[in-house]
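Everything below concerns the one structure shown next.
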Number of protein chains: 2
Amino acid sequence: MATLMDVAKRANVSKMTVSRVINHPDMVTNELKQLVYQAMKELDYRPNLIAKALVNNSTRIVKLCILEDIDTTEPYYMNLMVGIAKTLDLHQYSLQLVTRRNFDIGNCDGYIITGMRKEDLDWIKKLDKPLIMFGENRYGLDYVDTNNKAGTYKMAKLVLERGYDHLVYIGIDSKESFEYSREAGYIQQVQENQMIPELYRFDNHSHLAEEFITEHWKEIEPNTAFICASDRLAMGIERGISRCGGSIPDDYGVTGFDGVFLSQVASPKITTVKQSIIEMGSACGENLLDKINSKMSQGNLIFEPKISIGGTLRD
Amino acid sequence: MATLMDVAKRANVSKMTVSRVINHPDMVTNELKQLVYQAMKELDYRPNLIAKALVNNSTRIVKLCILEDIDTTEPYYMNLMVGIAKTLDLHQYSLQLVTRRNFDIGNCDGYIITGMRKEDLDWIKKLDKPLIMFGENRYGLDYVDTNNKAGTYKMAKLVLERGYDHLVYIGIDSKESFEYSREAGYIQQVQENQMIPELYRFDNHSHLAEEFITEHWKEIEPNTAFICASDRLAMGIERGISRCGGSIPDDYGVTGFDGVFLSQVASPKITTVKQSIIEMGSACGENLLDKINSKMSQGNLIFEPKISIGGTLRD
DNA sequence: TACACAAATGTTACCGATAACATCTTTTTA
DNA sequence: TAAAAAGATGTTATCGGTAACATTTGTGTA
């Protein structure tokens with residue numbers, strides 16, 4: 001691998017001139033610049049990032065802390081990582097994955113954190129490097145997220161337009177901020193239409209939603225739609241209705257939230273609030289790198305979700 | 001952040017002594033070692049990995065090349081990454097994710113590659129750093145994988161024991177090595193029982209398997225079991241049978257392969273050949289790091305799969 | 001023409017670690 | 001007991017870059 005020195009010798013200039021051609025090209029005459037470019041090309045020169053990092057006292061590492069249990073989780077995070085990695089690679093940063101099992105925070109230039117619980121706030125606040133949260137929070141930490149409230153608000157609207165006259169919300173039984181926002185979107189839409197909200201909450205497992213349906217099947221009138229806080233729950237609801245002999249989408253509607261994977265595998269495909277996780281991941285990375293290079297980026301980045309049409313709502 | 005120098009001053013020794021305490025502790029007297037340890041503790045010293053990397057002319061970066069399309073993929077790769085990342089972090093390496101969109105190979109100490117196609121062989125052979133493939137291959141590249149053949153072989157055996165007398169294999173329509181191996185396992189088991197193999201192949205999408213069932217329902221006799229090459233296909237088969245009014249597991253059996261996520265979400269849960277991807281990822285990382293430090297590890301690492309019992313086979 | 005000042009390039013020191021060699025101390029051996 | 005060998009520690013150079021300062025060259029002005 002060619003070094004600065006090799007290029008310098010070949011171009012008959014000093015190392016600094018080469019370094020300047022790269023970092024401050026306006027301080028070098030065109031003549032020398034050409035020589036240097038030529039030499040760089042001939043030697044296929046690539047700067048040594050490690051050496052650069054050493055002088056800058058940086059690590060070129062970003063830690064991605066996924067604090068939720070990954071084992072049972074949707075491909076959601078995979079997409080997130082792909083998005084983040086894409087940006088980081090572009091700027092020649094690399095990634096370290098931190099999980100609760102694997103809890104090493106140190107030796108990095110910044111953090112992206114997701115799935116935090118309240119008790120994590122302590123150590124997070126102590127971090128002395130730039131950080132950005134993935135997922136809304138109410139602790140004043142900068143974050144990137146979907147506009148959760150708008151997602152369910154829009155979806156509920158769509159469901160009403162499709163003529164279902166009974167809207168039930170199936171939520172995730174958790175105190176996280178995103179859940180409150182999703183509930184709020186549903187509630188607002190329903191109230192604007194002079195209807196009474198009806199909410200149920202479960203752990204995020206399809207079979208719980210399925211059981212809910214089968215156990216309450218007698219009480220569930222046709223023309224009801226279920227607005228679910230996740231595709232997983234939606235899948236359970238869908239399966240429950242099918243099992244009880246209900247007809248989707250004619251008599252019952254179902255909608256999900258995420259649009260990463262499950263909504264596609266379900267049958268019929270779930271009409272869902274689609275988050276473009278890859279894009280959000282990229283933005284997240286971009287944002288963090290800006291902070292690291294103190295281009296003063298701060299505040300939140302909210303993405304408007306889109307509705308992805310499947311076969312669980314009638315036309 | 002404290003440096004070697006700081007520790008050295010505090011302990012009243014030279015930098016080299018401190019360095020030796022860390023890397024060649026047997027060359028330093030106990031007395032000095034204690035002093036140095038003390039100083040390190042007081043200053044909370046952590047070696048600067050970047051500086052270390054510079055002298056070793058290494059990057060401490062491993063590239064994970066996922067050459068398959070990730071967008072539509074199961075959480076499989078997420079688990080893989082978690083496994084790899086776990087090991088790498090332990091050894092203070094970090095990860096860069098390479099995809100086809102994002103194709104930067106360079107500046108790293110080694111590669112883990114998965115999802116390669118035949119045409120990738122060219123550039124892969126040219127890589128001048130240690131590499132290990134995730135997933136079996138027949139190009140002589142070292143790999144880590146499940147014992148695919150044993151997986152379907154065992155599964156077919158189990159299915160026979162459970163009394164199904166007609167075994168159909170539902171494969172993935174691809175020329176990859178793992179698929180051939182899975183087919184081979186099924187075929188061998190079936191032939192050992194004087195039965196005639198019956199194989200179908202589809203792209204790895206649940207709805208294709210589902211359609212297959214609904215379209216051929218008349219021809220499918222009760223007491224048939226479907227050995228599928230993936231959980232996705234199994235899910236489709238399962239749904240197709242349910243839709244046609246068939247009873248699982250009483251009249252029909254279904255088995256999958258992977259056990260990462262879908263098998264859990266399906267209903268009933270799929271009896272599947274479970275791969276412990278996280279473990280395999282760790283092993284993969286470990287193996288690569290050994291190669292990097294030229295502890296001469298080479299050859300393949302084959303994991304014996306386990307059968308994970310769901311509700312798609314009768315007792 | 002000479003001097004001041006700006007622009008272009010080169011030199012040196014440094015980032016934080018380690019290897020190789022140098023020096024000093026202790027032990028072994030004849 | 002002196003010389004050689006072994007053991008413990010320190011010094012220097014180095015990895016590949018960049019910042020800060022030093023030097024050279026060129027230009028404008030009196």
Side-chain angles (χ1 to χ4, degrees), chain A residues 1-40 43-61 91-94 106-109 292-294, chain B residues 1-40 43-61 91-94 106-109 292-294:
Chain A
M1 197 81 237
T3 71
L4 255 199
M5 196 58 199
D6 300 328
V7 175
K9 278 183 186 153
R10 180 130 190 159
N12 255 315
V13 297
S14 73
K15 290 202 305 181
M16 267 319 287
T17 303
V18 180
S19 172
R20 283 194 190 101
V21 169
I22 297 168
N23 300 301
H24 312 283
D26 48 324
M27 302 183 67
V28 182
T29 55
N30 278 324
E31 203 180 356
L32 283 193
K33 245 185 288 192
Q34 290 315 318
L35 279 175
V36 171
Y37 283 139
Q38 182 65 23
M40 294 201 319
L43 297 173
D44 186 30
Y45 171 73
R46 320 265 184 94
N48 181 322
L49 298 174
I50 294 291
K52 225 177 223 177
L54 184 58
V55 278
N56 299 328
N57 190 24
S58 73
T59 61
R60 298 213 148 249
I61 291 174
H91 295 84
Q92 291 148 325
Y93 273 72
S94 57
N107 258 313
C108 69
D109 295 348
I292 290 174
N293 304 312
S294 57
Chain B
M1 195 81 236
T3 72
L4 256 199
M5 196 59 200
D6 300 329
V7 176
K9 279 183 186 154
R10 179 130 192 158
N12 255 313
V13 297
S14 73
K15 291 202 305 182
M16 268 319 288
T17 302
V18 180
S19 173
R20 282 194 191 101
V21 169
I22 297 169
N23 301 300
H24 313 283
D26 47 325
M27 301 182 67
V28 181
T29 54
N30 277 324
E31 201 180 356
L32 283 193
K33 244 184 291 194
Q34 290 316 318
L35 278 176
V36 171
Y37 283 139
Q38 181 66 23
M40 295 201 319
L43 296 173
D44 187 28
Y45 170 74
R46 319 264 186 96
N48 181 323
L49 299 175
I50 294 291
K52 223 177 224 178
L54 183 58
V55 279
N56 299 329
N57 190 26
S58 73
T59 62
R60 297 213 150 252
I61 289 173
H91 296 83
Q92 290 149 324
Y93 274 73
S94 57
N107 257 315
C108 69
D109 295 348
I292 290 174
N293 304 312
S294 59

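Just so it is clear: chains get the letters A, B, ... in the order the sequence lines come, proteins before strands, and each one is counted from 1. What you see is a predicted model; the values in this text were computed from it and never measured.
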A/Ala11: partners by side chain to side chain contact (heavy atoms under 4.5 Å, CB included), with sequence neighbours left out: A/Val13, A/Leu35, A/Val36, A/Ala39
Which residues share a salt bridge (charged side-chain N to carboxylate O under 4.0 Å, His left out) with B/Arg10, sequence neighbours left out: B/Glu42
Atom of A/Ala53, atom of B/Ile50 and distance for their closest heavy-atom approach: CB-CG2, 3.9 Å
Inter-residue atom distance B/Asn57.CG - A/Asn48.CG, 0.5 Å rounding: 7.0 Å
Partners meeting side-chain hydrogen bond (donor to acceptor under 3.5 Å, both in side chains) with A/Ser14 (sequence neighbours left out): A/Thr17
Phosphate OP1/OP2 of D/dA19: any A/His24 side-chain N/O under 4.0 Å: yes
Distance in Å, B/Leu43 CG paired with B/Leu4 CG, rounded so as to fall on 0.5 Å steps: 11.5 Å
Separation of D/dG7 P from B/Asn30 CG (nearest whole Å): 16 Å
Interatomic spacing from OH in B/Tyr37 to CD1 in B/Ile22 - rounded to 0.5 Å: 9.0 Å
Straight-line distance of B/Ile61 CD1 to A/Gln92 CD, nearest 0.5 Å: 9.5 Å
Set of residues satisfying salt bridge (charged side-chain N to carboxylate O under 4.0 Å, His left out) with respect to B/Asp26, sequence neighbours excluded: none
Base versus backbone protein contacts along nucleotides 21-26 of chain D [heavy-atom cut-off under 4.0 Å; B, S, -]: ------
DNA chain D contacts among residues 46-56 of chain B, heavy-atom distance under 4.0 Å: B/Leu54, B/Val55
Within-4.5 Å side-chain heavy-atom neighbours: A/Gln38 and A/Gln34: no
Axis bend over the full length of the helix from C/dT1-D/dA30 to C/dA30-D/dT1, computed from five pairs that close each end, to 10 degrees: 60°
Atom pairs, protein N/O to nucleotides 24-26 of chain C N/O, distance under 3.5 Å:
none

Reported CG-to-CZ distance for the pair B/Leu54 and B/Arg60, which is rounded to 0.5 angstrom: 12.5 Å
Atom NZ of B/Lys33: over 12 foreign heavy atoms under 6.0 Å: yes
Whole-Å distance separating the CD1 atom of A/Ile22 from the P atom of D/dT18: 6 Å
Which residues share a side-chain hydrogen bond (donor to acceptor under 3.5 Å, both in side chains) with A/Asp109, sequence neighbours left out: A/Thr59
Near-strand residues of residues 2-16 of chain A, defined as heavy-atom separation under 4.0 angstrom from DNA chain D: A/Thr3, A/Leu4, A/Lys15, A/Met16
Any B/Ser19 side-chain N or O less than 4.0 Å from OP1/OP2 of C/dT18: yes
Interatomic distance where CG belongs to B/Leu35 and C1' belongs to D/dA8 [whole Å]: 14 Å
A/Val18 side chain reached by A/Lys15 side chain, heavy atoms, under 4.5 Å: no
CG-CZ distance between B/Asn23 and B/Arg20, expressed to the nearest 0.5 angstrom: 10.5 Å
Using the 3.5 Å cut-off, write out each protein N or O paired with an N or O of nucleotides 6-8 of chain C and the distance between them.
none

side-chain hydrogen bond (donor to acceptor under 3.5 Å, both in side chains) against A/Thr3, all qualifying residues, sequence neighbours excluded: A/Asp6
